Amino acid sequence: MISMAPGILIKITLKYSRHHRARTLLLILGIALGVSGVVAIDIAKTSVSKSFELSTGLVTGKATHRIVGTTLSLDQSLFTTLKVSLGIKHCAPVISQYTHVEELKGKQMQLLGIDPFSESAFRSLSLAPDSSAKAPNLAETLMSGSGVLLSQTLARDNGLIAGDILTLVFGKKQVPVPIAGFLHSGEALETVALTGVLVADIATVQELLGMGDQISHIDLILESEQAVKTIKAILPKGTTLVPTAQNSQAVRNLSNAFETSLTAFSMLALFMGMFLIYNTVSFSVTQRQRLTGTLRSLGATQRDIFLMVTLEVIIYGIVGSLLGILSGVLLGMAAVHAVCATVSDMYFVLTVNQTHIAWPTLVKGFSAGMVSCLAATLFPALTASHIPPVTLSRRSASETRLQGMALGLTVCGMALLILSFLLFVFPHTGPALDFLGIFMMFTGAAFMVPLLTRGMTRLLLYATAPLSSLLTRMALKNIVRSLSRTSVLIASLMVVTSVYMGIDTMTASFRQSVVNWVDGNIGGDIHVRSADKTLPAIDPLLVNRITTLPGVEKVSAYSMHTILSEHTGETHIFAYQSDQSQKEWVWTAQPPDTMDAQLAKGAIEVSEIFAARHDIVPGPDTQITLNTLQGAHTFEVAGIFRDFFMGGGRIIVHPQTLKIHWGYEGITSLQLFLKSDQDVDKTIERIQTMARFFAPLEIRSGKVLKQSILRVFDNTFIITTALQFLTAIVALTGIINAVMALLLERTREMAILRSCGAESVQVTKLLLLECGYAGLIAGICALPFGLFLSWVLIDVINKKSFGWIYDMVLQPGGLLLAVIMALIAAVTAGILPAIKAGKNDIPTALRME
Amino acid sequence: MDIHFSKVTKSYNESGTRHLIFEHLDALFPSQTVSVIVGKSGVGKSSLLNLAGGIDTPDDGSIKIGDTRLTHMTDRARTIFRRKHMGIIFQFFNLIPVLTVLENVCLIAELDNASPKEAQNNALSLLDHVGLYHRKDTYPDTLSGGEQQRVAIVRALVHNPEVILADEPTGNLDMATGKTVLELIVNLVKERKKTLIMVTHSPEAVGFADQVFTFEDKKLSLSPGKGFLT
């Protein structure tokens, strides 16, 4: 039987909130900010999925399978074999290459070379009705000239008409092509997808790209397992038949870990929101102790009080969550571009950026907000329900109770910290447990605050004894005297400072590791590589001339390609003719100085990310199978090295291995180490002059290359940094809330001080000193937890998300800054209330209860 | 409803030390009587009142109100019993600052899911009786101490409880106002034939009482000629 009438209790609680509008608004804002982080990241993730779907869906079409070559190219005669000899009804040769189009503001597009006569079963491309009257259908349009078909929407947006010339850019190679016609679709999403492709006849594309009789892949629609077996039986070595769905999913999965890390960070923002709710409600419960005690005396049961506190937060939760969804949508739309850019840079190309807001995202955001509110309110509501009737309760009793509980709380806190440590140390999958561990860590830290505060204030009293004034001693003693309130403030400030320190240390450590890696692996004063993406190898004569320039002291010369393997997907493969890089070995099968000999025997080296992604476990018989021109071949893994190369990592082989197994020869890239007296820019000019009769080269100074690489890495943390600030704002609203509440309820106490003779400025100074010391205590307490969080982010979450492992680099300056910021935050939050307290009218303030 | 204390013992803990308030206390507060408890500050008068109201529980002994044994009830049951059968008047008024005068006096009825209309009618009638009908829509912080206590008295009576507990109801008022409030409480209680237990320092209260208890040396003793102990 429900014994309570919630109406009157809700009325009391809402009226109470109306009297404290600022605090209520700050609470709602905190919920909204936490929810907006979750919604924004979810929008970014679903948009990446949608963009991927649109970028690849049109190209894949209805194909069920695809034949690919291990060197990402096939001889077109295989198509003839399939069509004529095997009689495969639905098969189509395709060439696919990414390019930038100057007339479309450098937009990255996918150039698709298709056979118009094989095409119809796969993709439903249709010409726009106002295409050239001379060639009304797709096949005739494509075969009538050497032009390309472009999306009608894209053309209209850029003021292009049929016959206009588009400049396709492949590195530095520029190829002009006319617009032959326009593609359109009746479906909105397909119209968007079309904006990412240029379509031309396959022969035209072969000519543009200088591919001879090579193609990228063959699309197939196979309806039976027997057909699959038949084709597999005739495939030449070096080619593979893959289901397109599996292939797409494998590519899509590349960025899963990155997106999971974004989710983890957004959950951190939500957790801060929960902490804010917990602190605000706890404060409110403590402040309304007398009200609650009165209600209990008059006949409100413990359940009535519990429901009163919970229902109040539910109401704010609904408002905050709805606001959070709105702001999250706006933030999400801004985040989509950054996230898609990072995914394109690091994992797979997205030719279409589509912002996708699905209703499950909104439901997820709302649910996250409500669940957080309820979870955060549970303990304060239980506490409120146990407040004794007013004739039994004393403020001093609650303080005495907390003082007595401090040791017990500390023990619980330490237990939670140990549990969270064990959770991180023992292997597990999924970000949910990581998030639980972080939650347990901060909850444990918060439990330890009362005892830490007592200890720190004793220490500060001792440390400031020689110089301290009465106000300093009062301020420190007041912090302990009102521990039930100050510990909540210090806990929330400590948590936000820890989070800030943790993320800051993580990004600084990562950046330092990347800088060290770039210096060690992408060193060199000048970097040269082929700028013609259709002809990756630099002419050997030019290589010789460049490397023998008088000012060149040392050279790293290597070949870099992408191969396709059934088990590892697209794999970046390197072969060094000469290597000046300094590798940091994680593991070697033999002593590191024998690595060159191991490579010469046919072994391979793999990067740490590659090893993590493909479950390569160090051991005596560590091997990996890759597809080669001769079919599947198993290679011994000689070593695993630390590396930040993008995407799925890379492997290193001997040049002879590369030639034998994948048919690649020549050098694609050079790193030149100049003598100390040589001018970099002048040397670059000499090389440019030397190269003017050869295929175009991309020549950059090492400094410029390093900056562009670091920019890509920095971009991966843009979202993290944004979430860091969001987290800080959420937490700061809680701190402002807490400080205002703390100072406001002492209005009468301050009035008593004033009536005893304290000046306004002395009262203000006392309160600001309390805020400052509370901030300082919070900042110092945050140090160990901030470092613990850094370790979790670096060694647990980042490792799982990116596969990167790097050392934590402590920056004493950064840590000190964080402590100072905590102090400043607390003082800043207290300025207005402290000034107000000093200036309050004494008689009015004395009458306050 | 008679209120019967039988061998009641109560103590409290402070800094790990047990402090005895009273031991094996027996007392009878007969129905429809005015009982006054006097004694020095800190002897345990308010503690006894808390026990009578079911706000606190004794270490030992039994407290019966009518046929209901309070000491055998859960906190929830005692709370519900209290709001149905008791009205409490506090020394410091304890009005809810965010509710109007009318809302304050109807509070207990609303907590008890009583008919809002009936509660409001009773409230308005009582407010009129105490001369505060015209202040029904104002907030407590605009009222004087005496006015606030009158509102508290109405709150304690509006749901027609059998027992009124008053803990130093005039303790926060000046002498003149206190006298007025005291008379108001006693008159209303006697008019409505309620049982009143009042803890007070006020000498005038003794004159109104049917029985006077003195709390001294951890014992409750009845003044001669004013009621009986058990």
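Every chain is numbered from 1, with letters handed out A, B, ... down the list of sequences. The structure displayed is predicted, hence computed values, not measured ones.
When heavy atoms are compared at a cutoff of 4.5 Å, A:Arg18 does not approach chain B at all. Looking at B:Arg78, neither its backbone nor its side chain comes within 4.5 Å of chain A, counting heavy atoms on both sides. Proximity to chain A (any heavy atom under 4.5 Å) is restricted, for B:Asp75, to the side chain, taken from C-beta onward.
Evaluation of the ring pair (Phe, Tyr, Trp, His ring centres under 6.0 Å) rule for A:Tyr16 yields A:His20 as partners, not counting sequence neighbours. Remark: A:Thr410 engages A:Met414, A:Met448, A:Leu451 in a side-chain contact (heavy atoms from CB on, under 4.5 Å) (not counting sequence neighbours).
A donor and an acceptor atom, one from each side chain of B:Lys10 and B:Asn50, are nowhere located under 3.5 Å apart.
With respect to chain B, the highest number of heavy-atom pairs below 4.5 Å among A:Thr294, A:Leu14, A:Leu298 belongs to A:Leu298.
Ring-plane geometry between B:Phe5 and B:Phe29 is classed as perpendicular, the angle between the planes exceeding 60 degrees on a 0 to 90 degree scale with a lower cut at 30.
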